[in-house]
> 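Quick one: this structure, given as structure tokens, is what I'll be asking you about.
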Amino acid sequence: MTGTSETRTADSAEHETRQSRLHRLMRYLPLIAPVLLWTVPCWLLLHTGQHWPLPVTLAGTALFALGLIGMPLAMVRGHGRRQQDWAAIIGDTLLGAIWTLFTWSVLLGALLRLTLAITGVGDGQDRARAVTWAALGTAAVLLAWGYAEARRVPRVRRLDVELPRLGAGLDGTRVVLITDTHYGPLDRARWSARVCETVNTLEADLVCHTGDIADGTAARRRAQAAPLGTVRATRARVYVTGNHEYYSQAQGWVDLMDELGWEPLRNRHLLLEREGDTLVVAGVDDVTAESSGLPGHRAHLAGALHGADPDHPVLLLAHQPKFIDRAAAGGVDLQLSGHTHGGQIWPFHHLVRIDQPALAGLSRHGTRTLLYTSRGTGFWGPPFRIFAPSEITLLVLRSPQSPTSP
């Protein structure tokens, strides 16, 4: 027991250290990031031995300078107090495009130049120009593909999850998870309806939405969220808040989901029973709720499990994977989360891992607790998904007591 406690203490300390680094980085990121994102590709693609004709160099530099100035201004107008959707679309698209160009300018600038130099292909100017065209071409292809990936209806990811404490009567329970729909400046009402149609083909017993429904208030994004009212489940449709709800009047989203027939599990639980066996389905507000200033909003696991039989297995909805430490300490069997988007645009997942203990998929934490982290159903901000496909998840719960599987 002492060794286990020491290990958990060390893990918690390491996680807190990662969070501290992230918070320090985030403090300066809004100032440093745009400069790096626009100046580094400009320098690598235009000014490092390419010797372009002067009009090309001047025009290219002017475009990068315009992006450096225009992107932050558009994002402030789009995501600040004014909430102008056209500005958000422009700013978000520029952010995704320059992040992708930055990544591949750096990678190809190092790898391709080295390869060409080792193989003796071309002179310095030829190699520099080859890198430029390769970076531009790669970025263009990835952005086109990433846009199509972001806008399509997600593929269904199916997996069986064995819960040792699950009774045989609940073996085969079908749980569908959608999360991070992020209805926003780009109108996705038709996409939303198609997602809900796909969910309905899965014949779920329980449908879960683990937050970040939209960017904007419930009144503003109501038309995009309305198809959620058509989702069918044989037992229940349940929802918990995400951090983005607390950027845009969270109580309004709780009320709208209740109106659409979903049960907001705000630090409470319900029971799913079949053939004499019981599963506790609990939910907590997002961990950012306490700092929102909204009365009664907080992540409170003890409240969510109050009155539940401790011998029954627990399925917990919590928006952020990092709630797993509290879930494991509280004896939860399976936590469902979103939030990470799987990184959304590679290689952003490296930054996500600084703040979160899991990026995507199923992971074990402690002796009992499993965590499933969805890559998300929609996208935030930049309308691209590159090497991080969206998903609708079907989890089939399995009991070790059942000799057969349906």
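Predicted model, so just to flag it, every value in this text is computed and none were measured.
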> Kindly give the heavy-atom pair with the smallest separation between Arg237 and Val231, and that separation in Å.
NH1-O, 2.8 Å

> In chain order, what residues pass the side chain to side chain donor-acceptor pair (under 3.5 Å) check against Asp92, with sequence neighbours excluded?
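For Asp92 the side chain to side chain donor-acceptor pair (under 3.5 Å) partners, ignoring immediate neighbours, are His79.
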
> Taking all atoms of both residues into account, what is the closest heavy-atom pair of Leu159 and Tyr372, and its distance?
CD2-CE1, 3.9 Å

> Quick one: are Leu101 and Leu45 in side-chain contact, heavy atoms under 4.5 Å?
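Sidechains of Leu45 and Leu101: in contact.
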
> Is there side-chain contact between Thr181 and Ser192, with heavy atoms separated by less than 4.5 Å?
no

> Can Ile89 and Leu186 be said to form a side chain to side chain contact (heavy atoms under 4.5 Å, CB included), step by step?
CA-CA 7 Å; Ile89 292 170; Leu186 281 170; 3.9 Å; yes

> Could you give the distance from CD (Gln50) to CD (Gln125), rounded to the nearest 0.5 Å?
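One gets 8.5 Å once the value is rounded to the nearest 0.5 Å.
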
> In the structure I gave you, are the side-chain heavy atoms of Thr198 and Val156 within less than 4.5 Å of one another anywhere?
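The answer is yes; the side chains approach within 4.5 Å.
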
> Considering residues, nucleotides and ligands other than Gln83, do more than 12 of their heavy atoms fall under 6.0 Å from its CD?
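More than 12 within 6.0 Å, yes.
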
> List the residues meeting side-chain contact (heavy atoms from CB on, under 4.5 Å) with Asn243, not counting sequence neighbours, and say none if there are none.
Asp212, Tyr247, Asp286, Thr288, His319, Gln320, His339

> Counting distance only, does the side-chain N/O of Asp205 pair as donor-acceptor with the main-chain N or O of Thr234 below 3.5 Å?
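A pair under 3.5 Å: no.
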
> If we ignore hydrogens and angles and just use 3.5 Å, is the side chain of Arg385 paired with the main-chain N or O of Phe379 as donor and acceptor?
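Absent.
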
> Any side-chain to backbone donor/acceptor pair from Asp171 onto Gln401? Under 3.5 Å, distance only.
no

> Is the closest basic N to carboxylate O distance between Arg266 and Asp285 below 4.0 Å?
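Salt bridge: yes.
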
> So, the side chain of Thr173 versus the backbone of Leu170: is there a donor-acceptor pair under 3.5 Å, distance only?
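Yes.
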
> I need the full list of ring-ring contact (aromatic ring centres under 6.0 Å, His included) pairs touching residues 49-74, with sequence neighbours left out, sorted by first then second residue.
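For residues 49-74: Trp52-Trp133.
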
> Tell me, please, which residues at least two apart from Asp85 pass side-chain contact (heavy atoms from CB on, under 4.5 Å).
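By the side-chain contact (heavy atoms from CB on, under 4.5 Å) rule, Asp85 matches Pro185, Arg220, Arg221.
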
> Sorted by first residue and then second, give each ring-ring contact (aromatic ring centres under 6.0 Å, His included) pair with at least one member in residues 192-239; sequence neighbours left out.
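Sorted pair list comes back empty.
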
> Would you mind checking if Arg353 and Asp355 are paired as a salt bridge, meaning a charged N to carboxylate O distance below 4.0 Å?
no

> With a 4.5 Å heavy-atom cut-off, do Val175 and Val281 have their side chains touching?
no

> I want to check something: taking the side chain as every heavy atom from C-beta on, are Leu271 and Val280 in contact at a cut-off of under 4.5 Å?
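A side-chain contact under 4.5 Å exists here.
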
> If you measure from OG on Ser374 to CG on Leu177, what distance do you get to the nearest 0.5 Å?
5.0 Å

> To the nearest 0.5 Å, how far apart are CD1 in Ile345 and CG in Leu95?
7.0 Å

> Tell me if the CZ atom of Arg274 is crowded by more than 12 foreign heavy atoms within 6.0 Å.
yes

> Could you pull out all residues at least two apart from Arg268 that satisfy salt bridge (Lys or Arg N to Asp or Glu O under 4.0 Å)?
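Per chain and number, Arg268 pairs via salt bridge (Lys or Arg N to Asp or Glu O under 4.0 Å) with Glu263.
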
> Sequence neighbours left out, what passes salt bridge (Lys or Arg N to Asp or Glu O under 4.0 Å) with Arg188? Give chain and number order.
none

> Going by ring pair (Phe, Tyr, Trp, His ring centres under 6.0 Å), name the residues that satisfy it together with His297, two or more places apart in sequence or in a different chain.
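For His297, the residues satisfying ring pair (Phe, Tyr, Trp, His ring centres under 6.0 Å) (neighbours in sequence not counted) are Tyr246.
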
> Would you check if His269 and Val314 make a side-chain contact, meaning some heavy-atom pair closer than 4.5 Å?
no

> Taking side-chain contact (heavy atoms from CB on, under 4.5 Å) as the test, write out the residues that go with Arg152, two or more places apart.
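Listed in chain order: Glu149, Pro154, Arg155, Pro389, Ser390.
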
> For the residue pair Leu166 and Arg398, establish whether any side-chain heavy-atom pair is separated by less than 4.5 Å.
no

> Would you say Arg368's side chain and Gly331's backbone share a donor-acceptor pair under 3.5 angstrom?
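Confirmed, Arg368 side chain pairs with Gly331 backbone.
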
> Got a second to check how far Leu114's CG is from Thr119's OG1, nearest 0.5 Å?
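One gets 9.0 Å once the value is rounded to the nearest 0.5 Å.
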
> Would you please name every residue forming a salt bridge (Lys or Arg N to Asp or Glu O under 4.0 Å) with Arg157, sequence neighbours left out?
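Only Glu391 meet the salt bridge (Lys or Arg N to Asp or Glu O under 4.0 Å) criterion with Arg157.
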
> Check Asp333 against Pro313 and note the closest heavy-atom contact, atom names and distance.
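Here Asp333 and Pro313 meet closest at OD1-CA, 3.2 Å.
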
> Does Gln344 use its side chain to pair, donor to acceptor, with the backbone of Pro382 at less than 3.5 Å?
yes

> Which distance, rounded to the nearest 0.5 Å, do you find between the NE2 of His182 and the NE2 of His244?
4.5 Å

> Which residues satisfy the side-chain contact (heavy atoms from CB on, under 4.5 Å) test with His306, sequence neighbours excluded?
none

> From Thr217 OG1 over to Gln249 CD, what is the distance, rounded to the nearest 0.5 angstrom?
5.5 Å

> For the residue pair Gln224 and Ala189, what are the closest heavy atoms and their distance?
CG-N, 3.9 Å

> Checking side-chain contact (heavy atoms from CB on, under 4.5 Å) against Pro264, which of Thr241, Asp255, Val254 comes through?
Val254

> Provide the closest heavy-atom pair for Pro400 versus Leu163 in the form atom of the first, atom of the second, distance.
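Minimum heavy-atom contact is CD-O, 3.3 Å.
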
> Between Leu256 and Trp262, is there a side-chain heavy-atom distance shorter than 4.5 Å?
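The answer is no; the side chains never approach within 4.5 Å.
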
> Taking side-chain contact (heavy atoms from CB on, under 4.5 Å) as the criterion, tell me which of Leu44, Leu108, Thr48, Ile118 meets it with Arg113.
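Only one option passes, and that is Thr48.
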
> Closest heavy-atom contact between Gly96 and Thr100?
O-OG1, 2.9 Å

> Please indicate whether Glu273 has more than 12 foreign heavy atoms, meaning atoms of other residues, nucleotides or ligands, lying under 6.0 Å from its CD.
yes

> Using the salt bridge (Lys or Arg N to Asp or Glu O under 4.0 Å) criterion, which residues pair with Arg222? Sequence neighbours excluded.
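Glu259.
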
